[in-house]
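Because the structure is a prediction, the values reported are computed rather than measured.
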Amino acid sequence: MTPARTDMTDSRRKTSPVPTSTTPGLVPYITLREGEEGAPNTLRIAREWPHNRPRLRYLDEEAGDRDTRGVLWSRCYQAPRDEHNLPTGRPLWKLMHPSRQRETMQAMLCQVCVQPARTPLGYVFLAGPDDPEQVPVITAQPPVCKRHITAAARLCPHLDGRPRVYLAQSAPLYGVHGTLYGYGRDGVQVVARPETPLPYGHANLATFLASQLVRRLGSFRTVDLEELLQELRQAA
């Protein structure tokens, strides 16, 4: 087991075959694997120049520990990769690996195969059938490519084989899910775990440890799964 890569370099091997929905043992790339536990905690809060405001950081922080907006991210071990550069080990189906979720969401890659997710009709995002409908629509689920829409709907327990399907033309970054830290009797400790994501620009992000990247869907429509598959076939 190796520590998670903290940079956002492309992990795909362009010579590797793309897994399909019929690939035996198909597991979405973002799925957490057994043994991928949180890395040792070296968090501290320090006042930093020039504003003298408290900021959460790692004692051994690297450039890739922060996202493009400067928010600190949780570290998590990475399982060994197979010949296709995909994670191995028993999948923990209900959980996403923080680094792999960030990687696919940041670059808009398919959550299953790590290939570009844009389809001829736009970006496809899936939500659970019982998720509350909200405006604006924000999601931590990375998009899926046209080859893996059905597979993602079938494999993800949260989607239950009957996802709500969004077809979006844009999905700008919104913010992050994670944990708020502060000082207590034992030093740096958890203060809160907000149920909703903090938008970029929020004052609490300075002492926030992110675990999921969130996007807001723009110019989208809700479609039936079979209807979307038919539209994609016609657009091919």
Side-chain heavy-atom pair Arg55, Ile45 within 4.5 angstrom cut-off: no

Side chain proximity check, Leu213 to Gln101, heavy atoms < 4.5 angstrom: yes

Distance (rounded to the nearest 0.5 Å) between Thr139 OG1 and Leu217 CG: 6.5 Å

Shortest non-hydrogen separation from Thr31 to Pro91 and the atoms involved: CG2-CB, 3.9 Å

Heavy atoms of other groups near Arg233 CZ, more than 12 under 6.0 Å: yes

Separation of His177 NE2 from Glu195 CD (nearest 0.5 Å): 10.0 Å

Donor-acceptor contact below 3.5 Å, side chain His202 vs main chain Asn204: yes

Minimum side-chain heavy-atom gap Val112-Cys145 below 4.5 Å: no

Note, Lys94 side chain near His158 side chain (heavy atom, < 4.5 Å): no

Step-by-step side chain to side chain contact (heavy atoms under 4.5 Å, CB included) determination, Phe220 to Val137: CA-CA 9 Å; Phe220 70 92; Val137 175; 3.5 Å; yes

Check: Pro157 main-chain N/O paired with Asp160 side-chain donor or acceptor under 3.5 Å: no

Shared hydrophobic cluster for Val223 and Val124 (ILVMFWY, side-chain gaps under 4.5 Å): yes

Glu61 side chain near Arg66 side chain, heavy-atom distance below 4.5 Å: yes

Modelled atom types, side-chain donor and acceptor of Asp60 and Thr42, under 3.5 Å: yes

Any side-chain heavy-atom pair of Tyr166 and Pro143 under 4.5 Å: no

Arg102 to Trp73 six-membered ring, cation-pi geometry met (6.0 Å, 45°): yes

Test side chain to side chain contact (heavy atoms under 4.5 Å, CB included) applied to Arg57 and Asp65, step by step: CA-CA 9 Å; Arg57 61 176 299 112; Asp65 284 325; over 6 Å; no

Contact summary for Ala39 and Tyr77, nearest pair of heavy atoms: CA-CE1, 3.7 Å

Shared hydrophobic cluster, Val71 / Val191 (ILVMFWY, side-chain heavy atoms < 4.5 Å): yes

Polar side-chain atom of Asp224 near backbone of Glu226 as donor-acceptor pair, under 3.5 Å: yes

Joint cluster assignment, Phe208 & Leu173, ILVMFWY side-chain distance < 4.5 Å: yes

Distance-minimising heavy-atom pair for Pro87 and Arg81: N-CD, 3.6 Å

Leu198-Met105 co-clustered via ILVMFWY side chain contacts under 4.5 Å: yes

Residue of the set Leu205, Leu72, Val214 for which side-chain contact (heavy atoms from CB on, under 4.5 Å) holds with Val176: Leu205

Lys NZ or Arg CZ of Arg75 over Tyr58 ring: under 6.0 Å, within 45°: yes

Non-hydrogen atoms of Glu231 and Arg221 that approach each other most closely: OE1-NH2, 2.7 Å

Given Thr104, Ile149, Leu109, Thr119, the one that forms side-chain contact (heavy atoms from CB on, under 4.5 Å) with Val144: Ile149

Trp93-Leu26 co-clustered via ILVMFWY side chain contacts under 4.5 Å: yes

Separation of Leu32 CG from Gln78 CD (nearest 0.5 Å): 9.5 Å

Reference residue Tyr29; test side-chain hydrogen bond (donor to acceptor under 3.5 Å, both in side chains); the match among Gln115, Gln111, Glu103: Glu103

Arg33 side-chain N/O to Ala79 backbone N/O, donor-acceptor pair under 3.5 Å: no

Minimum heavy-atom distance Ala153-Leu126, with the two atoms named: N-CD1, 4.1 Å

Between CD on residue Glu34 and OG1 on residue Thr88, distance to nearest 0.5 Å: 11.0 Å

Side chain to side chain contact (heavy atoms under 4.5 Å, CB included) between Arg90 and Leu92, worked out: CA-CA 7 Å; Arg90 186 174 69 86; Leu92 304 178; 3.6 Å; yes

Val188 and Tyr183, any side-chain heavy atoms less than 4.5 Å apart: yes

Inter-residue atom distance Gln189.CD - Leu43.CG, 0.5 Å rounding: 12.5 Å

Nearest-0.5 Å distance, CG of residue Asp130 to CD of residue Glu133: 11.0 Å

Validation row: Cys76, His97 side chains within 4.5 angstrom (heavy atoms): yes

Backbone of Ala210 reached by a side-chain donor or acceptor of Ser74 within 3.5 Å: yes

Gly178 to Ser211 - nearest heavy-atom pair and separation: CA-OG, 3.7 Å

Evaluation steps, salt bridge (Lys or Arg N to Asp or Glu O under 4.0 Å), between Arg100 and Glu36: CA-CA 12 Å; Arg100 297 198 292 270; Glu36 291 185 322; 2.9 Å; yes

Side-chain donor/acceptor of Gln169 to backbone N/O of Leu121, under 3.5 Å: yes

Working for side chain to side chain contact (heavy atoms under 4.5 Å, CB included), residues Tyr200 and Asp67: CA-CA 11 Å; Tyr200 282 120; Asp67 62 23; 2.7 Å; yes

